[in-house]
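Input: one structure, supplied below.
Throughout, numbering of the chain's residues begins at 1 and tracks the sequence.
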Amino acid sequence: METILFAGLSAQAWIVVATVILVFGLMLFTKLAPDFVFLGGMTILMVSGALPVDRVLSGFSSSSVVLVGALFVVIAGLVHTGVMQWIVRYALGTPKSYPMAILRLMAPVAALSSFLNNTTVVALFINVVKIWAKKLHVTPSKLLIPLSYASGMGGICTLIGTPPNLLISGFYTEQTHEQLSIFTPTLAGLFCLAVGILATIAMRRLIPERVSPEEALSDTSEYTVELLVPSDASFIGKSAHEAGLYEVEGGHLVEIIRFDKEIISPVSEDEFIFGGDRLVFTGKVDEILKLRASHHLVSATRHVYSFNEIDTHRRLRVATVRFSSSLVGTRMSESDFEEKNNVVLVAIAREGERVNQSPREIMIEKGDTLLLECPPRTKNEQDLTPDLQFFDSDLLLQEGKRTLISSLILLAMIICSSLNLIPLLQASFLAAFAMIIFRCCTINQARSSIDWSLLMVFAGSISLGSAIEYTGIASKIAEGILSVCGDNPMLALAGICLAGTFLTEFTSNTATAAIFFPITYQIATTLGVNPLTFCVALMIAVSSSFATPIGSPTHMMVYGPGGYRFIDFMRIGLPMNFIMLAAELFIVPILFPL
C-alpha cells in the first residue's frame with residue numbers, strides 16, 4: 001500500500017522526482033558522460049522499486065531506440081559512398097551577397113538534416129564552410145551559427161530528422177495505437193524553417209564577427225622556434241633534461257629532427273642530444289630565443305615546421321575541446337594525455353586568438369582550439385573523440401555507382417514508409433541491410449557508426465518518461481498547469497512549449513521530450529482537445545535551442561571553430577527562441593486543429 005507523503009504524491013513518485021533532478025543536475029554541472037548518468041538513473045528506478053523492472057528495461061526494446069540504431073547504419077552508407085560530400089560540394093555555389101550566402105547554406109543543410117543525423121551533417125559542412133567563407137570574404141563565424149541553426153531546424157521537419165521526434169511519436173503510438181507518418185510534422189516544420197531562415201537573415205547583424213582560431217594558429221613560425229645543435233656543443237651526448245633543453249623558460253621541446261631525417265616526437269626527457277639535431281620548441285618565442293646565447297645554438301635556416309607541411313612521420317591537426325571533455329580545468333603538463341595518445345600540444349587558441357603562453361602550462365577551457373602534432377593516421381582517434389572534436393578526415397571517398405545505389409536505398413526507405421507500404425522500422429532495417437549487402441559500407445563501418453552512448457541516453461529517457469507517467473507525476477503537474485491556464489488550450493500549449501524550449505537550452509532535447517510528453521498528453525486529454533496538436537508542438541519546442549552553446553551538440557561543434565563566446569549565442573539565440581515559439585503556436589493549431 002502506497003503512503004502519501006505530501007502534495008498527493010507517493011514515495012515512489014518522490015523517488016522519481018529526485019532521480020530526474022539528479023540526472024539533470026549531473027548533466028548540467030558535471031563532466032560525467034550522459035549515457036553513464038542515464039544508466040545510473042535507471043538503476044535507481046529499478047533498485048528502489050519506483051518503476052517495475054520490465055518498464056525500466058522497456059527503453060532498450062523500444063522501437064524508437066531500435067529505429068535510431070538502424071538509421072545510423074543507413075547514414076554510414078551515405079557517408080562512405082560520398083553522397084553527402086557530393087551534396088556539400090555542389091550545393092553552396094557562389095552567392096553575390098551575405099544574405100544569399102545564409103540562404104544557400106541553410107537550405108541544403110536543413111534538407112539533409114531532415115533525414116540524416118544533424119551532427120554528421122554539420123561535421124561534413126564545417127571545413128567546407130570555412131573554405132567557402134574565405135572565398136566570400138567573410139569570417140567563418142558569420143556562417144557557422146547559421147549552419148548549426150539550420151541543422152536543428154531541418155531536423156524537426158520529419159520524424160527521423162531528430163531523436164526527440166521519434167521518441168514523441170513512439171510515446172504517441174503507445175497511447176493512441178495510431179502510427180504517425182514520417183512526414184507528419186513536415187508542413188509545420190517547413191513553416192518554422194522558413195521563418196527561422198528569414199529571421200536569421202534579418203538578424204544577421206547580431207551574428208558576431210570573430211577571428212577563426214585556425215587563423216590564429218595558421219602561421220606556426222610565430223610561435224615555434226627551430227634551433228640547430230652545432231657539432232661542438234658541450235651538451236652533446238647528454239639527455240634533453242641534463243642539457244637543460246627539455247623544459248625551458250616560456251615553452252618546451254616538442255620535436256627533434258636528427259641529421260639523418262629521423263623525427264622524434266613526442267620527446268622524452270631522457271632523449272639524447274646529438275650534433276646536427278634540429279630542435280623544435282613551442283611557446284613564447286622571445287623567451288625561447290634566449291637559448292641561442294645560453295646554449296650556443298644556431299638558428300635554423302628554414303622554418304620546416306609549418307602548418308601546411310605534412311610528412312610521412314607526423315602532421316599537425318586542429319581539434320576543439322568538447323564541453324564535456326575531461327581536459328577542461330587541467331594542464332597538459334599535469335596529465336599523461338600526450339604520452340597516452342601519442343600527441344604533442346603545440347599551441348592553444350581561445351576566442352579566436354592564440355594564447356601567448358607555454359601551451360602545456362595553460363589551463364584548458366571548454367571550446368579551446370588545440371593545435372596538436374599527431375601521427376599521420378591517428379589510430380586511437382576513437383579514444384580522443386570523447387575529449388576532442390576533429391574536423392578533418394583521412395577517409396578518401398570516390399564517387400561511383402555506389403553513390404547512386406545508396407541514394408536510391410534512402411529514397412526507397414522514405415517512399416515505402418511514407419506511403420505506408422512498410423512501417424518505418426521495417427523500412428529502416430531493410431535499408432540498413434541493403435547498405436551492407438550492396439557494399440555501401442562494410443560491416444565494421446556499420447558497427448562503428450552506431451552511437452551506443454546516444455542509444456543509452458535514448459533508452460534512459462524513455463524509462464524516465466515512463467516513470468513520470470506511471471507514478472502519477474504527469475497528472476499532478478498537468479493539474480498544476482491547468483490551474484494556472486484554466487480551460488484555455490492555447491494558453492496551456494504556450495506554457496508547455498515555453499517550458500520545453502527553456503529546459504532544452506541546458507540539457508538533452510531527448511530527455512526534455514521524454515519528461516514533457518506524459519505531461520503534455522495528460523493536459524491535452526484533460527482539456528478534451530487533439531493530443532497530436534500538443535505533440536507536434538512539443539517536437540518543435542524541444543528542438544528549438546538557440547540561445548546557449550550547450551543547448552545542442554551542433555552548437556558545441558561550431559563553438560570552437562567559430563571562435564565564439566558564450567554571449568554570442570544568447571545575443572541572437574534569445575530572439576530566435578521567441579520567434580520560433582510564435583511561429584509554432586501560429587502554424588501547429590492551423591495544421592492540427594485543437
Side-chain angles (χ1 to χ4, degrees), residues 1-5 8-24 26-27 33-72 159 163-180 423-426 428-429 450-478 507-522 524-525 531 535 538 542:
M1 196 127 177
E2 295 185 344
T3 303
I4 304 299
L5 298 181
L9 292 179
S10 65
Q12 286 84 355
W14 284 110
I15 291 174
V16 173
V17 171
T19 302
V20 171
I21 294 174
L22 178 63
V23 167
F24 277 73
L26 290 175
M27 291 181 65
D35 53 341
F36 176 79
V37 171
F38 276 92
L39 179 61
M42 295 172 68
T43 302
I44 294 174
L45 295 179
M46 189 184 305
V47 173
S48 66
L51 190 66
V53 174
D54 59 336
R55 296 202 64 164
V56 174
L57 299 178
S58 63
F60 292 108
S61 60
S62 168
S63 60
S64 300
V65 175
V66 179
L67 175 58
V68 171
L71 289 175
F72 276 128
L159 284 189
N165 284 12
L166 285 171
L167 186 67
I168 293 171
S169 67
F171 279 140
Y172 181 83
T173 300
E174 289 179 10
Q175 294 289 343
T176 64
H177 304 291
E178 177 185 342
Q179 190 78 35
L180 297 181
L424 179 58
L425 179 61
Q426 287 88 322
S428 65
F429 259 83
I450 299 175
D451 189 341
W452 298 104
S453 62
L454 177 61
L455 296 184
M456 182 70 239
V457 171
F458 212 156
S461 299
I462 291 174
S463 298
L464 288 181
S466 298
I468 288 173
E469 179 189 12
Y470 179 80
T471 56
I473 297 173
S475 299
K476 287 297 178 182
I477 296 177
T507 188
S508 162
N509 54 6
T510 303
T512 304
I515 298 300
F516 273 86
F517 175 84
I519 301 169
T520 301
Y521 191 84
Q522 184 69 42
T525 53
C535 290
L538 183 63
V542 298

Do Phe171 and Cys535 have side-chain heavy atoms sitting under 4.5 Å apart?
no
For Ala467 versus Leu45, what's the shortest heavy-atom pair and its separation?
CB-CD1, 4.0 Å
Do Leu57 and Met46 come close enough that some side-chain heavy atom pair is under 4.5 Å?
yes
By ring pair (Phe, Tyr, Trp, His ring centres under 6.0 Å), Tyr521 pairs with (sequence neighbours left out) Phe517
Validation row: Leu51, Val16 side chains within 4.5 angstrom (heavy atoms):
no
The ring pair (Phe, Tyr, Trp, His ring centres under 6.0 Å) partners of Phe38 (sequence neighbours excluded) come to none
Checking side-chain contact (heavy atoms from CB on, under 4.5 Å) against Thr19, which of Leu22, Ile21, Ile15 comes through?
Ile15
Considering all heavy atoms of both residues, which atom of Leu71 and which atom of Ser428 are nearest to each other, and what is their separation?
CD2-CB, 4.2 Å
Going by the rule side chain to side chain donor-acceptor pair (under 3.5 Å), which residues pair with Tyr172 if we only count those two or more places apart in sequence or in a different chain?
Glu178
Does Val56 offer a backbone N or O that forms a donor-acceptor pair with the side chain of Ser463 under 3.5 Å?
yes
Please examine the side chains of Phe36 and Leu26, heavy atoms only from C-beta on, and report whether any two atoms are closer than 4.5 Å.
no
Ile450 versus Gly69, closest heavy-atom pair with distance
CG1-O, 4.1 Å
Search all heavy atoms of Ala513 against all heavy atoms of Leu538 and return the closest pair with its distance.
O-CD2, 4.3 Å
Side-chain contact test, heavy atoms from C-beta onward, threshold under 4.5 Å: evaluate it for Thr520 versus Ile168 and give yes or no.
no
Specify the closest pair of heavy atoms between Val542 and Pro164, including all atoms of both residues, with the distance to one decimal.
CG2-CB, 3.8 Å
